[in-house]
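Every heavy atom of this structure was used, including side-chain atoms; hydrogens, water molecules and symmetry mates were not. Convention: sequence-line order gives letters A, B, ...; per-chain numbering from 1. Everything numeric in this text was worked out from a predicted model, so none of it was measured.
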There are 2 protein chains.
Amino acid sequence: MEVKEISQAVIGRLPRYFRYLGELKDEGVERISSQELSGLMKVTASQIRQDFNNFGGFGQQGYGYNVESLYREIGKILGLDKQHNFVIIGAGNLGRALGNYMNFERRGFIFKGMFDANPELVGKDVRGVKVMPMDQLESFIRENDIDIAVLTIPKTSAVEVADKLVANGIRAIWNFAHVDLNVPEGIQVENVHLSDSLMKLSYNINRYSSDMK
Amino acid sequence: MEVKEISQAVIGRLPRYFRYLGELKDEGVERISSQELSGLMKVTASQIRQDFNNFGGFGQQGYGYNVESLYREIGKILGLDKQHNFVIIGAGNLGRALGNYMNFERRGFIFKGMFDANPELVGKDVRGVKVMPMDQLESFIRENDIDIAVLTIPKTSAVEVADKLVANGIRAIWNFAHVDLNVPEGIQVENVHLSDSLMKLSYNINRYSSDMK
DNA sequence: TAGATTGTTAATCGATTAACAATC
DNA sequence: TAGATTGTTAATCGATTAACAATC
């Protein structure tokens, strides 16, 4: 069976398509051409058609794309039709902020548990979920069908915790710790390195002022 | 005066170089070759040399790169030797989490003010900074040499607030609102779309399981 | 049917990797 | 000097854009 590998460049654009299509759908727009979407999103119509055609012919010549069905298809491609249970490890400010964010639930991401090494935080409640001590992490992962672990702990403990997660069958790690994790093939890691992001911003601020006369 | 434009692909890798070099420096490593760094970071030595040479010849044939000075140079390129004042707009969970994060200060990013439209949050203290009402935002930006605004507000108000920021001389927006901002050329926007990031993770989880036999 | 717009192939552009002469 | 490793040019690879035949 032939497996055409989709590049991460394409994958990275799918959530943005999904967002625009969702908004169009909510506005009651029924159909859209790659040309119109191009104007809205400021990417080329050609790229839009190439991107969609990686996954099959969702459009119709002379008509364009049906917003509702394209929205649903992209959601399916992104796996948003499936439920993904997640736990948050690290009940600090960032971890609690993510736990309190309701919108993930709407996309099928279900907040199941929260863990922290600090005994003072254990027992606290974040949106109905009690913070558990770290020694319950491994059994909890195994017994509660947890797909995704959100790592909001200092980098000093992140590598060690990631190894435990992998050993207990986690499928993906959403890593907010400022360190590169080394996981076996097949385990997905998505890094959110906030300070890297801020540094890019800083570069571009300074580049711009020196470019200007 | 010739301006060689550095691609965002290169810029995006600089913070990671910076991080590895900082760790090497802390470990007391004095010099490193592109070959060694390649092994550590899992990118090609060729790419490392190309990347660095966009900014000048930091190395020495037969020796490699001096860790300390390369670290400092990259820091300078990223503008980390300059102070950047920032405000956070939106004192919800995420805004407060970012305000409480101390490590930005170490890199020259100084937390100067915080704003929220909700009167119940006004007056609250986040790491020594009092939450101010939105009607003080514009004068505060102008009078306190604010470079960067961190947007942690709902997307419904983000576009409007961004326009105000631009009108009052902001130079960069670190945008956590799930919407695309339209700003004039020269204003930098760095988006952190957390739900997009989570969707990518979701895609890769599902891709992997269907690829596997 | 005529017009519109896709799906897809071909051309272009840019980024990554390889190779090697320069040089410490 | 000989060996090591950069800086840089050339080759390759992959992603984006353009073009157009297929088709609704």
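Across the protein-nucleic acid pair, B:Glu5 atom CD and C:dG14 atom P stand 12 Å apart, rounded to whole Å. To the nearest angstrom, P of D:dT5 lies 16 Å from CG of B:Leu70. At whole-Å resolution of the value, CG in A:Asn66 and P in C:dT5 are 15 Å apart. What separates CG of B:Asn53 from P of D:dT5 is a distance of 16 Å, to the nearest Å. Atoms CD1 (B:Ile48) and C1' (C:dT16) sit 13 Å apart, rounded to a whole Å. Rounded to a whole Å, the CG atom of B:Leu37 is 13 Å from the P atom of D:dT5. Rounded to whole angstrom, the span from the CD1 atom of B:Ile32 across to the P atom of D:dA4 amounts to 17 Å. Remark: C1' of C:dG14 and CD1 of B:Ile6 are 14 Å apart, rounded to the nearest angstrom.
Shown for residues 11-28 of chain B: residues whose heavy atoms fall under 4.0 angstrom of DNA chain C, namely B:Arg13.
Positionally, the nearest nucleotide of DNA chain D for B:Gly57 lies more toward the 5' end than for the other of A:Asp51 and B:Gly57.
For B:Arg31, counting side-chain heavy atoms from C-beta on, the closest listed nucleotide (C:dT8, D:dA15, D:dT5) is D:dT5.
Between B:Phe111 and B:Asn100, the closest side-chain pair of non-hydrogen atoms is not below 4.5 Å. Considering only heavy atoms from C-beta on, B:Lys112 stays 4.5 Å or farther from B:Phe86 through its side chain. For the pair A:Phe176 and A:Val150, the minimum side-chain heavy-atom distance is below 4.5 Å. For the pair B:Val192 and B:Asn175, the minimum side-chain heavy-atom distance is 4.5 Å or more.
For B:Tyr65, no side-chain nitrogen or oxygen approaches OP1 or OP2 of D:dA4 to under 4.0 Å. In this structure, A:Ser34 reaches the C:dT6 phosphate: one of its side-chain N or O atoms is under 4.0 Å from OP1 or OP2.
Salt-bridge annotation for A:Asp147 and A:Arg171: present, with a side-chain N of the basic residue lying under 4.0 Å from a carboxylate O of the acidic one. Salt bridge annotation for A:Lys25-A:Glu68: absent, with no cationic side-chain nitrogen under 4.0 angstrom from a carboxylate oxygen.
Counting heavy-atom neighbours within 6.0 Å of B:Glu143 CD, excluding the residue itself, gives a total above 12. The local environment of CD in B:Gln83 is crowded, with over 12 non-hydrogen atoms from other residues, nucleotides or ligands closer than 6.0 Å.
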Do any N or O atoms of the protein come closer than 3.5 Å to N or O atoms of nucleotides 17-24 of chain C, and which pairs are they?
from	atom 1	to	atom 2	distance (Å)
C:dT17	OP2	B:Thr44	OG1	3.0
C:dT17	O4	B:Gln50	NE2	2.6
C:dA18	N7	B:Ser46	OG	2.7
C:dA18	N6	B:Ser46	OG	3.4
C:dA19	N6	B:Arg49	NH2	3.1
C:dT23	O4'	B:Gln61	NE2	3.4
C:dC24	O3'	B:Gln60	NE2	2.8
C:dC24	O2	B:Gln61	O	3.3

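Formation of a donor-acceptor pair under 3.5 Å by the B:Asn144 side chain with backbone atoms of B:Ile141 is not found in this model. For the pair A:Glu23 (side chain) and A:Tyr20 (backbone), a donor-acceptor distance under 3.5 Å is absent.
The two residues A:Asn85 and A:Asp145 have their closest heavy-atom pair at ND2-O, 3.1 Å. Residues A:Val179 and B:Arg19 come closest through the heavy atom pair CA-NH1, 3.6 Å.
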Under a cut-off of 3.5 Å for both distances of each Watson-Crick or G-U pair, what dot-bracket string does DNA chain D give, using [ ] for crossing pairs and | for inter-strand pairs? ..||||||||||||||||||||||

